[in-house]
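Only one structure is covered here, and it is reproduced in the block below.
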Amino acid sequence: MEDQRVQTCDIYRTDPNLPHRFNNPDCFHGYSQKISHPLYRTSNQTYGSKRPTVHEMQTQFKGTSCQFSEAMLHSGMYHDHGFNTSVDKSRVVVSTVTQKRRSSRQHMCHNDQDGDKK
């Protein structure tokens, strides 16, 4: 007995303009059977390692228009030429105790330098 490939249109009523890949789930390649350690295997890895079946394929395909993207290509992306007035904030968080120690050290260092100049 030959292994006949089942198409989506054989089982479900499909849109006449359905792309070839949705009507033939056997054309999907790249689903590996690479075995990983069961302790580290996730449910997404298990689900993603299996090829789609006829029952999981779409029966309709409504493509979207590229009209907006093409208009953006011709006009170019928006660029703000305004003046930046925001203050840069440090991404490093320092405790208030450390800040007080630093400020007292700087104050002491500045007083010592001022005393040396006189």
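Residues: numbered from 1 along the sequence shown. Computed over heavy atoms, backbone and side chain alike; hydrogens, waters and symmetry mates excluded.
Of the possible polar contacts, none joining the E70 side chain to the Q67 backbone as a donor-acceptor pair under 3.5 Å is found. At least one donor-acceptor pair under 3.5 Å links the side chain of N23 to the backbone N or O of C9. Between the side chain of S49 and the backbone N or O of T46, at least one donor-acceptor pair lies under 3.5 Å. Side-chain atoms of N24 never come within 3.5 Å of backbone atoms of R21 as a donor-acceptor pair (strictly under, hydrogens ignored).
In terms of heavy atoms, V6 sits closest to P25 at O-CD, 3.9 Å. The minimum heavy-atom distance linking T14 with T8 is given by the pair CG2-CG2, 3.8 Å. The minimum heavy-atom distance linking R51 with E56 is given by the pair O-OE1, 4.2 Å. The two residues M57 and P52 have their closest heavy-atom pair at SD-CB, 3.7 Å.
The aromatic rings of F22 and F61 lie tilted to each other, with the angle between the two planes from 30° to 60°.
With rounding to the nearest 0.5 angstrom, the OH atom of Y12 is 13.5 Å from the CG atom of L18.
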- Task: Evaluate the side chain to side chain contact (heavy atoms under 4.5 Å, CB included) criterion for residues V97 and K100: first the C-alpha distance (whole Å), next the side-chain angles of each, then the deciding distance (0.1 Å), finally the verdict.
- Result: CA-CA 5 Å; V97 175; K100 288 179 183 177; 5.9 Å; no

